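Worksheet for the structure shown next.
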Protein chains: 2
Amino acid sequence: MGMTGITIQEASRTSGLSAHTLRYYERIGLVPEVGRDAAGHRSYTGADLAWLEFLTKLRRTGMPIADMCRYAELLRRGPETAAERRRILQEHRERVLERIAQLNGDLAVLDRKIDMYHEMESS
Amino acid sequence: MGMTGITIQEASRTSGLSAHTLRYYERIGLVPEVGRDAAGHRSYTGADLAWLEFLTKLRRTGMPIADMCRYAELLRRGPETAAERRRILQEHRERVLERIAQLNGDLAVLDRKIDMYHEMESS
DNA sequence: GTGCACCTTCGAGCGCACTCGAAGTCAAGC
DNA sequence: GCTTGACTTCGAGTGCGCTCGAAGGTGCAC
């Protein structure tokens with residue numbers, strides 16, 4: 001089983017994060033130390049990529065880096081932190097729901113404003 | 001008709017923006033020059049507050065300050081800029097829709113992850 | 001008339017999340 | 001054996017959107 005892994009450039013393309021950002025995430029402890037090849041270059045595994053994908057979803061939904069670091073650290077500490085990890089995700093979920101509701105509300109205002117412009121133009 | 005207006009502190013409470021932010025918005029041209037009372041203090045009218053409310057909706061939906069400034073400037077230029085203003089809002093609307101769709105997608109992943117934790121805990 | 005609260009301008013500072021660049025290492029190709 | 005190019009570490013720089021603080025003015029209460 002050659003778990004060879006891919007280079008940082010390929011991981012960048014796959015994850016949508018820049019190579020700079022991938023190294024940054026690693027040094028702040030957001031991503032566990034990535035394996036290295038013979039030359040000392042980073043070698044990203046499928047598990048690394050899956051974790052990065054999950055992280056980008058958390059980021060996109062507005063979770064601060066600090067909170068993601070906390071989650072990552074709990075994960076490293078092992079299964080006894082599962083309950084707290086779940087709590088973090090649930091609280092975040094609530095914030096995302098609120099965010100979506102707010103966006104829908106603001107979207108409605110935007111739509112009304114746009115309609116107003118259409119009426120103005122047709123009169 | 002006493003269009004007396006309210007102080008910056010009251011406008012801050014009403015709009016949810018800090019007094020510092022209100023002055024900042026004014027100096028970058030996001031808010032047209034607010035009227036002054038006898039003492040030279042800002043006096044916010046209903047129109048000012050309505051504009052601030054609209055601005056906060058644009059901000060909350062992720063419109064960059066620079067774009068809002070552009071919109072504000074078009075508004076100052078008069079009715080012949082209405083079509084372009086509508087275009088700006090429509091393009092923004094599209095981005096908001098995408099954003100909502102993405103959030104819903106990410107929320108689904110979050111939900112699955114949370115379910116996973118529940119299953120872990122109940123086994 | 002003096003304390004006080006609240007306002008004013010102005011420019012500097014901050015927090016977040018990257019983003020970049022310098023300087024060096026290493027392996028492959030010619 | 002030398003160039004090329006992608007990688008490495010490290011610390012400093014950037015952009016955005018505020019946020020703050022210093023220094024001073026104004027008007028009212030006592």
Side-chain angles (χ1 to χ4, degrees), chain A residues 4-45 48 51-73 92 95 99 106, chain B residues 4-45 48 51-73 92 95 99 106:
Chain A
T4 334
I6 61 174
T7 70
I8 195 167
Q9 285 308 323
E10 290 163 336
S12 169
R13 258 168 257 133
T14 309
S15 67
L17 299 163
S18 76
H20 278 301
T21 300
L22 288 174
R23 290 189 205 100
Y24 164 69
Y25 276 9
E26 192 174 335
R27 81 177 169 228
I28 64 173
L30 198 46
V31 169
E33 262 195 58
V34 173
R36 302 300 174 117
D37 64 15
H41 294 178
R42 284 173 182 78
S43 176
Y44 288 83
T45 66
D48 290 329
W51 175 237
L52 284 172
E53 197 186 334
F54 182 58
L55 284 184
T56 58
K57 285 182 201 311
L58 291 183
R59 270 303 294 133
R60 267 203 314 243
T61 50
M63 183 181 283
I65 293 271
D67 291 10
M68 302 200 310
C69 282
R70 170 145 186 70
Y71 185 89
E73 209 221 313
H92 183 58
R95 282 189 294 270
R99 192 80 227 296
D106 293 343
Chain B
T4 334
I6 61 175
T7 70
I8 196 167
Q9 285 309 324
E10 291 163 337
S12 168
R13 259 168 256 133
T14 310
S15 67
L17 299 163
S18 75
H20 277 301
T21 300
L22 288 174
R23 291 190 204 99
Y24 164 69
Y25 276 9
E26 192 175 335
R27 81 177 169 228
I28 63 173
L30 198 45
V31 169
E33 263 196 55
V34 172
R36 303 299 175 117
D37 64 14
H41 295 178
R42 285 175 181 78
S43 175
Y44 289 83
T45 65
D48 290 331
W51 175 237
L52 284 172
E53 197 185 334
F54 183 58
L55 283 183
T56 58
K57 286 182 201 309
L58 291 183
R59 270 303 294 135
R60 267 205 312 246
T61 49
M63 183 180 283
I65 293 271
D67 291 9
M68 303 199 310
C69 282
R70 170 145 186 70
Y71 185 89
E73 209 221 313
H92 183 58
R95 283 189 294 271
R99 191 81 226 297
D106 293 344

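Note that these values count all heavy atoms, side chains included, but never hydrogens, waters or copies made by symmetry. Keep in mind that this is a model prediction, so the values were computed, not measured. Throughout, protein chains are lettered first and strands after them, A, B, ... in sequence-line order, and every chain is numbered starting at 1.
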Find the distance A/Tyr44:OH to D/dT8:C1' and express it as a whole number of Å. 12 Å
Mind calculating the distance between NE2 (B/His20) and C1' (D/dC18) to the nearest angstrom? 10 Å
From CZ (B/Arg99) to NE2 (B/His92), nearest 0.5 Å: 11.0 Å
Closest approach of B/Tyr44 and B/Val34, non-hydrogen atoms and distance? CE2-CG2, 3.6 Å
side-chain contact (heavy atoms from CB on, under 4.5 Å) between A/Tyr24 and A/Leu30, intermediate numbers included: CA-CA 9 Å; A/Tyr24 164 69; A/Leu30 198 46; over 6 Å; no
What is the nucleic acid contact for A/Thr7, judged by heavy atoms within less than 4.0 Å: base, sugar-phosphate only, or nothing? sugar-phosphate
Sorted by number, the residues of residues 22-31 of chain A with heavy-atom contact under 4.0 Å to DNA chain D: A/Arg23, A/Arg27
Output the rounded distance in Å from CD (A/Glu10) to C1' (D/dC7). 13 Å
I'd like to know if the side chain of A/Thr7 pairs up with that of A/His41 as donor and acceptor (distance under 3.5 Å, no hydrogens or angles considered). no
Please determine if a side-chain N or O atom of A/Thr21 lies less than 4.0 Å away from the OP1 or OP2 oxygen of C/dA17. no
Close residues, residues 53-60 of chain B, relative to DNA chain D [heavy-atom separation under 4.0 Å]: B/Arg59
Distance check needed: C/dC7 P versus B/Arg36 CZ, whole Å only. 12 Å
Nearest-0.5 Å distance that lies between atom CD in A/Glu53 and atom CG in A/Asp48: 13.0 Å
Find out whether B/Val31 and B/Leu55 are in side-chain contact, i.e. whether some heavy atom of one side chain is under 4.5 Å from a heavy atom of the other. yes
A/Thr21 (side chain) donor-acceptor with A/Leu17 (main chain) under 3.5 angstrom: no
How are the rings of A/Tyr71 and A/Phe54 set to each other: parallel, tilted or perpendicular (split at 30° and 60°)? tilted
Enter the distance from A/Ser43:OG to A/Asp37:CG here, rounded to the nearest 0.5 Å. 6.0 Å
Dump the pairs, protein N or O against N or O of nucleotides 1-5 of chain D, anything under 3.5 Å, distances to one decimal.
none

When rounded to the nearest 0.5 Å, the distance separating CZ of A/Arg59 from CG of A/Leu52 is 13.5 Å
Given DNA chain D, 5'-ward residue of the pair B/Met68 and B/Ala38, judged by closest heavy atom: B/Met68
Could you tell me if the side chain of A/Pro32 sits less than 4.5 Å from the side chain of A/Trp51, heavy atoms only? yes
Can you tell me if B/Arg42 touches the phosphate of C/dT8, counting only side-chain N or O atoms and a distance under 4.0 Å to OP1 or OP2? yes
Output the single nucleotide from D/dT26, D/dA6, C/dA27 whose closest atom is nearest the side chain of A/Ala39. C/dA27
Check this one for me: any side-chain N or O of A/Gln9 less than 4.0 Å away from OP1 or OP2 of D/dC7? yes
Between A/Lys57 and A/Met63, is any pair of side-chain heavy atoms under 4.5 Å apart? no
Whole-Å distance separating the CE atom of A/Met63 from the C1' atom of C/dA17: 16 Å
From NE2 of A/His41 across to C1' of D/dC7 the rounded distance in Å is 4 Å
